[in-house]
Amino acid sequence: MFARERVYFLSAGLIFLLVLFGAAFPAEFARGAGVALATLGHYFGWFYLLAVFIFVVFLLYLALGRYGKIRLGPQDSAPDYSFFSWINMLLSAGFGVGLVFYGMAEPMLHFLTPPHGMAEAGTEAAAELAFQYSFFHWGINQWAAFTLVGLIIAFFQFRKDRPGLVSNMVEPMLRSVKRPRPIMDGLNVLAVIATVMGVATSLGLGVLQMNGGLESQFGWANNFWTKAAILSAMFVVYTASSYSGLDRGIKVLSNINMTLVLIFLAYMLISGPTIYILETFVHGMAGYLGNFIQMSLTLPPRDSSGWMNEYTVFYWAWVIAWSPFVGTFIARISRGRTIKEFVFGVMFVPPLLACVWIAIFGGNAMFLQLEGTLDLAAAVDSDVTSGLFRMYEVMPYTAALSALTLLVIFIFLVTSADSAAYIVAQMTDNGSLNPPLYKRLSWGVLISAICITLIAASGLRGLQSASLVSALPFSIVLFMIMIVLVRELSSDRRDMLLNLYHRNDATPVGGDIFETDEFSELDTEERIRRRLVTRNPRLK
């Protein structure tokens, strides 16, 4: 029993021990979280920035190059889900909770503390820079790690008919190792722990904001018991969703939530300072795209403010830690799509919607701030979880907006927990597409437990440090799977060209001159001789 379920028992046991330690020694847990955040940010901040930028370049190379038309499944397969449902599920599982948490708050925080000290706080220049960097943090770079993991898992799972496990992605590099099984099990356990920490961070942000909204608008106590009650309610709904399965539970909730989100966005755009919001979006996108490389690789050597650790490094560590979950989930719903469609769909559509969200909600807040109507920057700086609800106080239908926001956050929490428990259960069930219910429920309990432990012990700081610590080793794994993916794609393309070569009476079809030369049945010496004596008739 243990031999067959060793990944499940090892990973669940480690998470359970971490929960016990955090509950028994909260002060030590909080102190360790702070030290980890500062130390890893100082020594490895450059690595996180460089790694994510490399992921972006690598994925664009795959999408725009010779491998772009390869399908994630049989070459004649069609996508399992419509484009609308596919995008909705990406957003619900990917970053919905975090975006609601930071979408309005982040521009205000950058307004008070401009990135890298590049502008004077509280000025128009600081406002422009705030949106530029908010778009950057929620843009292409954030989704690169998700796209990379999802791409290779989908490729192996649907085109190679192999379980969608991280160990299978790295296995080709371990063929010279005599006993690869312990290493592969260790990689799977690492992926599970990174996933649980990343998901716990996202769920924790949502719980903190829900509690902040309930306190601000409805007078609920902002304490441990309220947060535990929110998680308990989430778990009840998540359990009902789990019984329904992926195609019903998560899909239905995702479509409902995205419909609410689109209605919400339209209302906020029309009822707010519409022209200012549209100008903010266009100007912010210009700054983001025009300075993309500079922002991706900027790491001031004398930055003592801690801004990089607090934002860019945390974000990149968060998405790397979360990439096994989001990547596996994206792979699960992306069967039949081409690599080009997958990369552009995953890496560009959700970031575009995220920038729209930030422009609308952040634009409303920044307009109120600059006009002197409400000091939202100070409100967010004082309590980031309730800043959004403070903005609603000067808008029509305050109670309705607050209630709708809480509903959206809650559904995002449920879909994130549901899909996370499903994916972690799959990762601990040898990559099965239909893991047993007891594993999904047990992981739901453990994810909720580590989430409430991090919140109780050290709040937002603990959530940030959990992502940072778990992301470092897994980022090395991502570089390994990049190498494996290129090798597998090259081999797969050669097989397709060779098949065409034989089907068309030994006529080289679709390959470049070097690939088609390899298909020839002539021996190496004869191929070289013929190549040397061949002349271009136009040169005579």
Side-chain angles (χ1 to χ4, degrees), residues 1-19 80 89-90 92-94 146 149-150 153-154 156-158 162-169 184-203 231 234-254 321-335 412-451 470 474:
M1 175 67 176
F2 179 79
R4 186 169 56 86
E5 302 286 354
R6 53 186 174 274
V7 173
Y8 172 71
F9 285 117
L10 287 172
S11 52
L14 288 172
I15 296 297
F16 183 69
L17 290 175
L18 190 60
V19 170
D80 289 345
M89 295 169 80
L90 291 180
S92 294
F146 302 157
V149 177
I153 289 179
F156 271 86
Q157 195 166 38
F158 300 126
R162 298 179 60 183
L165 297 172
V166 172
S167 59
N168 285 332
M169 314 302 107
M184 295 173 67
D185 287 344
L187 289 173
N188 287 331
V189 171
L190 174 62
V192 170
I193 293 175
T195 297
V196 170
M197 292 302 181
V199 172
T201 299
S202 183
L203 296 181
L231 272 174
M234 177 208 72
F235 182 75
V236 171
V237 180
Y238 142 73
T239 303
S241 177
S242 292
Y243 275 108
S244 301
L246 181 67
D247 291 335
R248 295 182 60 190
I250 297 177
K251 179 181 176 181
V252 171
L253 286 174
S254 299
W322 213 10
S323 63
F325 152 56
V326 181
T328 304
F329 184 76
I330 291 172
R332 175 66 180 82
I333 62 177
S334 300
R335 183 182 184 274
F412 272 137
L413 283 173
V414 172
T415 54
S416 294
D418 192 354
S419 50
Y422 175 91
I423 292 305
V424 176
Q426 178 181 326
M427 294 165 69
T428 55
D429 196 51
N430 297 315
S432 169
L433 294 179
N434 294 293
L437 182 61
Y438 80 88
K439 284 189 177 180
R440 302 205 302 269
L441 294 178
S442 64
W443 279 115
V445 172
L446 286 172
I447 290 172
S448 300
I450 192 64
C451 176
S470 58
F474 196 75

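The figures that follow rest on heavy atoms only: side chains count, while hydrogens, waters and symmetry mates do not.
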message: Rounded to the nearest 0.5 Å, what separates atom OH in Tyr438 from atom CG in Leu441?
response: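 Those atoms lie 11.5 Å apart.
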
Value rounded to 0.5 Å, distance of CD in Gln426 from NZ in Lys439: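 It comes to 11.0 Å.
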
field: Residues forming a side-chain contact (heavy atoms from CB on, under 4.5 Å) with Ala154, sequence neighbours excluded
entry: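 For Ala154 the side-chain contact (heavy atoms from CB on, under 4.5 Å) partners, ignoring immediate neighbours, are Leu72, Phe158, Ala331.
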
Residues forming a side-chain contact (heavy atoms from CB on, under 4.5 Å) with Ile330, sequence neighbours excluded: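 With sequence neighbours excluded, Ile330 shows a side-chain contact (heavy atoms from CB on, under 4.5 Å) to Leu90, Trp143, Phe146, Val326, Ser334, Phe342, Val346, given in chain and number order.
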
Indicate the atoms forming the closest heavy-atom contact of [X] with [Y], along with that distance.
X	Y	value
Val192	Ser11	CG1-CB, 3.6 Å
Asp429	Pro436	OD2-CD, 3.5 Å
Ser442	Tyr8	OG-OH, 2.9 Å

- prompt: Going by heavy atoms in the side chains, are Leu10 and Asp185 under 4.5 Å from each other?
  reply: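 Not touching, per the 4.5 Å side-chain cut-off.
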
